[in-house]
Each structure stands twice: as structure tokens, then as C-alpha cells.
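Written below as C-alpha cells is the structure these notes are about.
Since the structure is predicted, the reported quantities are computational estimates derived from the model, not experimental observations. Basis for what follows: all heavy atoms, side chains included, without hydrogens, waters or symmetry-related copies. In the text below, chain A, chain B and the rest are named by the order of the sequence lines, each starting its count at 1.
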Number of protein chains: 2
Amino acid sequence: MIGRTVVATTQAGVADVRSRRREQTRTEILEAAWGLSARRGIAGLSLRELAREVGMQAPSLYTYFDSKAAIYDAMFAAGYRQLDVALADIEPSDDPVDAIATAIEGFIAFCAANVPRYQLLFTRAVPDWAPSPAAYAVSVASYERMTALLADIGIERQEDIDLMTALSSGMAAQQLANDPGGDRWQQLSRDAAEMYIAHVRSRP
Amino acid sequence: MIGRTVVATTQAGVADVRSRRREQTRTEILEAAWGLSARRGIAGLSLRELAREVGMQAPSLYTYFDSKAAIYDAMFAAGYRQLDVALADIEPSDDPVDAIATAIEGFIAFCAANVPRYQLLFTRAVPDWAPSPAAYAVSVASYERMTALLADIGIERQEDIDLMTALSSGMAAQQLANDPGGDRWQQLSRDAAEMYIAHVRSRP
DNA sequence: GTCTATACATCGATAGAC
DNA sequence: GTCTATCGATGTATAGAC
């Protein structure tokens, strides 16, 4: 009985180690994928190059991901989880203008920190790929956490939420496209927040 | 003498016809390119498929364009010229809110009317391609015409212009990404314009 | 689990006949 | 100006040895 228990424990332990190694390798592959995408654009990601980057041959990648689409899917979900972390990091404020200004500034910083991630999450830059239902669900959850934050400062009308997403995404898009590496739009975050809050408050 | 004159005229006429045919074929190729991009995305454009679409073999395209990049370049410049036409079509208004609302709505409609054109002009969706200096100059001219329109209604500060481009591009981006074919953000154009004008007027 | 080898398609672009 | 033929490379994916 003792022997069987020991054996079972050992097998579980080995499986556990293997599972952890596997997950670690998957993470390593994804990080290399972000790095390559930064050079070639998110749509220019190549499996041969990706394999070379992590010291494998291309076919070995299929041990960890079913397809290239599965890699994009994992990147997409990871990107949204990172967005959640970034949004959670924003210190709450009683002042709505403060809260919105910090949120917009944080969002621009998030997008600027990793351009291919921005492309993957918020544009349709990858031909012939769309997030799987599972990956899409992660993005929906993220959106709902964002609307919860807005609700905290009394913003709940759909039009106001839509205006907020448009403003944020537009600020980020302009920053990345027309002043990459700079802060021309980022420094307008408070300006934009004042504009937005004044408008929301003026509702009938 | 008469003979020589006639011959010269005839040769000029032939050259003229050839030049016009050539330009016509170039236009036909570009239009087919927009059509294909609508199916595969702007980054998914293929020369073989494009050639098939216009009834040629792929190498024949090189008679009309030096490279695939040259095709993207021509599309980029043509797209900005179309944007100018769309903006010129906007009826001027003495009411700033009217003017801005119409401009935003028109811009969203322009982007929604041709998604690959939006991708090519306003995102970096094509890997390993950027507009040539000549094509980029066309976009700068277009931007300057836009700022001239804003100046007409008293908006001249760079921050206000930057806020306007962010708002417009964000509204269009959200419309295309999250409600393609609908009008969820387009119908917020007046709302956005009121927000923007109220803010600009509140400047110290 | 990783490798070599390879299948099979497609890509942009060029050479040279007609 | 258009064609056929082809180059060299890349793409994703699979088979089978070790």
C-alpha cells in the first residue's frame, strides 16, 4: 500500500513537472512571438523564424500549439489579461476627471508599450484570422470590467460608454500612427477627460 | 513638309492614345485591387489573384507597376484623393457643431464605405510597407486641407486639431471593429461634435 | 518531445520567346 | 505588351525515425 502510494505520488509529481515545463515553454514561445511581431508586424509572424528564436525546428512548435491560429489566439487572450492588469493598476480617484484622465493615459501607454499587441487586440491586421470564441470571451470579460469602472463614477448610458471607447482608441491610434515613441496625444489625456466629463454631466 | 507634319501629328496621336490606354489599365488594376482587398484584407492582396481578376498573367502587371509596393503606393495616394473629394462634398455650415458633426459623420461613412482603404490609409496593416515620400506628400496635403476647414470655424490650436483627429479616427475605428455595417457610432456624431465644440469654446 | 525530411501551396519577381 | 517558364524563398503542416 505504501509502495503504491509512493509510486502514485511520484507519477503525479513527474506529470506535474512535465506540465509545468510545457506551460513554461508555451510562455517562452509566446514571448518570442511578441518580439518577432515587433520587428515584422503582427501579420508578418513566421513559424520558421519563431521556432529558430526559441531554438527549435518549426515542426516542434506543433507540440505546443495546434496551429498558427492557436498561437494568435493565445497571444490575443494573454494580451487582454495584460490589459486587465494594467487597468487594475490604475489608482481609483473620487474625481471623475482624474479617473478618466488616468484611464486614457494608461490605455495609451498600454498600446504604445507593445504595438503588435495593440494591432492584434484592436485592429483586424491579421488576414484570415479572427479570435476563437474562447479567446473572444476573454475580451468581453475585459470590456465588462471597464464598464464596471465607468459605472463606479456614474457613467452607465451606452452612448457615454461608446463615446469613451471611441475617444480612448482614437487617442491611442493617433499616438501610435503619428507620433510613435512620443507623447503628443498622451499628454492630451487630461484635456480629453475634461472634455468628456463635462459632456457627460451636461446630459438632460 | 506637309507629309512630315502629318506623320508627326499622327505619331503624337498614337502616343496619346497609348498613354490614355495605359492609364486606363492602371486604374482598372487599382480598382480590382480594392475589390480583392475587401475579401482578403489589405495585407492579403496577391499579385497572381489580382492579375487573374483583370485578365492578365501576373508578370504583365509589372508593365504597369514596378512592384507590389508601387501598387500599394498608388492605392494610398488615390485613397487620400478620394478623401479630399469626400471632405469637399461636405456642405459648409455657419454653426460649428453642424460643421463638425457633418465632418465626423462623413469621415465614418468614408471609412465604412471601403474598409481596406481605411486600413491602408490610417493603420499600419501592411507588413514591410510604408508610403513612399511622394505618396506621403499627398496625405500631408490632405491633412492641411482638413486643418484649413477647422481654421474656418476658428479652431487653430494644435491641441484642438489633435483632439479632433483622435475623436474622428476613434469613432471610425469603433464603428468598423465593433459594429460593421451598422451605425452605432455614426449616430453619435452630433453628440461627439457637441462635446468637442463645447470643450474648445471653454478654453481660457 | 524533438528531430530530419518533405509535402504542397503560394508568394514576389525575373528571363526570354513571341 | 503579353506570354510561358522558372527562380528562390516562404508559408503551414504532416510523416516517421530516434
Side-chain angles (χ1 to χ4, degrees), chain A residues 11 13-30 32-33 36-37 39-76 116 120 125-130 132, chain B residues 11 14-30 32-33 36-37 39-76 116 120 125-132:
Chain A
Q11 282 177 341
V14 167
D16 196 45
V17 165
R18 277 189 185 152
S19 166
R20 281 182 52 202
R21 276 192 86 90
R22 185 183 162 80
E23 205 50 45
Q24 191 177 339
T25 306
R26 280 174 57 100
T27 303
E28 189 187 343
I29 291 169
L30 292 182
L36 285 183
S37 299
R39 302 214 296 267
R40 293 262 212 272
I42 188 70
L45 181 64
S46 139
L47 293 192
R48 278 177 162 87
E49 210 174 358
L50 177 57
R52 200 182 313 135
E53 194 79 7
V54 297
M56 292 180 182
Q57 297 295 323
S60 300
L61 291 175
Y62 286 81
T63 305
Y64 300 96
F65 295 95
D66 285 342
S67 66
K68 189 182 186 183
I71 294 178
Y72 279 132
D73 246 49
M75 294 171 79
F76 183 86
L120 185 65
V126 180
D128 301 322
W129 176 82
S132 70
Chain B
Q11 280 176 344
V14 166
D16 195 46
V17 165
R18 276 187 186 153
S19 167
R20 282 182 52 204
R21 275 192 86 92
R22 186 183 161 81
E23 205 50 45
Q24 191 178 339
T25 305
R26 280 175 57 100
T27 302
E28 190 188 342
I29 291 169
L30 292 182
L36 285 182
S37 299
R39 302 214 296 267
R40 293 264 213 270
I42 188 70
L45 181 64
S46 138
L47 293 192
R48 280 177 164 82
E49 209 175 358
L50 177 56
R52 200 182 313 134
E53 194 77 7
V54 297
M56 291 179 182
Q57 296 296 325
S60 300
L61 290 174
Y62 286 81
T63 305
Y64 300 97
F65 295 95
D66 286 343
S67 65
K68 190 183 186 183
I71 294 177
Y72 278 132
D73 245 49
M75 293 170 80
F76 182 87
L120 185 65
V126 180
D128 301 323
W129 176 82
S132 70

Under the salt bridge (charged side-chain N to carboxylate O under 4.0 Å, His left out) test, which residues partner [X], sequence neighbours left out?
X	result
A:E23	A:R26
A:R52	none
B:R22	none

Counterpart residues, side-chain contact (heavy atoms from CB on, under 4.5 Å), relative to [X] (two or more places apart):
X	result
A:T27	A:E31
A:P59	A:Q57
A:S132	A:D73, A:A134, A:A135

To the nearest 0.5 Å, how far apart are CG in A:L36 and CG in A:L50?
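A:L36 CG to A:L50 CG: 6.0 Å, rounded to 0.5 Å.
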
How far does OG of B:S37 sit from CG of B:L30, to the nearest 0.5 angstrom?
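Output value for this atom pair is 10.5 Å.
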
Residue pairs involving residues 42-73 of chain B (criterion ring pair (Phe, Tyr, Trp, His ring centres under 6.0 Å); sequence neighbours excluded):
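The answer is B:Y72-B:W129.
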
If you look at every strand shown and take non-hydrogen atoms under 4.0 Å, does B:S46 touch a base, only sugar-phosphate, or nothing?
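It contacts sugar-phosphate atoms only.
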
Heavy atoms of chain B, cut-off under 4.0 Å: which first and last nucleotide of DNA chain C, 5' to 3', fall inside that, if you could look?
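Answer, 5' to 3': C:dC11 to C:dT14.
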
With a 4.5 Å heavy-atom cut-off, do A:L45 and A:V126 have their side chains touching?
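SC-SC contact between A:L45 and A:V126 ruled out.
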
For DNA chain D, what residues of residues 65-73 of chain A have any heavy atom nearer than 4.0 Å?
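Per residue number, the list reads A:S67, A:K68.
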
When the C1' atoms of the five terminal pairs at each end define the local axes, what inter-axis angle does the helix from C:dG1-D:dC18 to C:dC18-D:dG1 show, to 10 degrees?
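Comparing the first five pairs with the last five, the axes sit 10° apart.
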
Can you list everything that forms a side-chain hydrogen bond (donor to acceptor under 3.5 Å, both in side chains) with B:R40? Sequence neighbours excluded, please.
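Checked B:R40 against side-chain hydrogen bond (donor to acceptor under 3.5 Å, both in side chains); matches are B:E49.
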
B:S60 side-chain N/O to B:M56 backbone N/O, donor-acceptor pair under 3.5 Å
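The answer is no, because no donor-acceptor pair under 3.5 Å joins these two groups.
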
Short of 4.0 Å, heavy atom to strand atom, which residues of residues 47-58 of chain B count as contacting DNA chain C?
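Residues of residues 47-58 of chain B under 4.0 Å from DNA chain C: B:L47, B:R48.
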
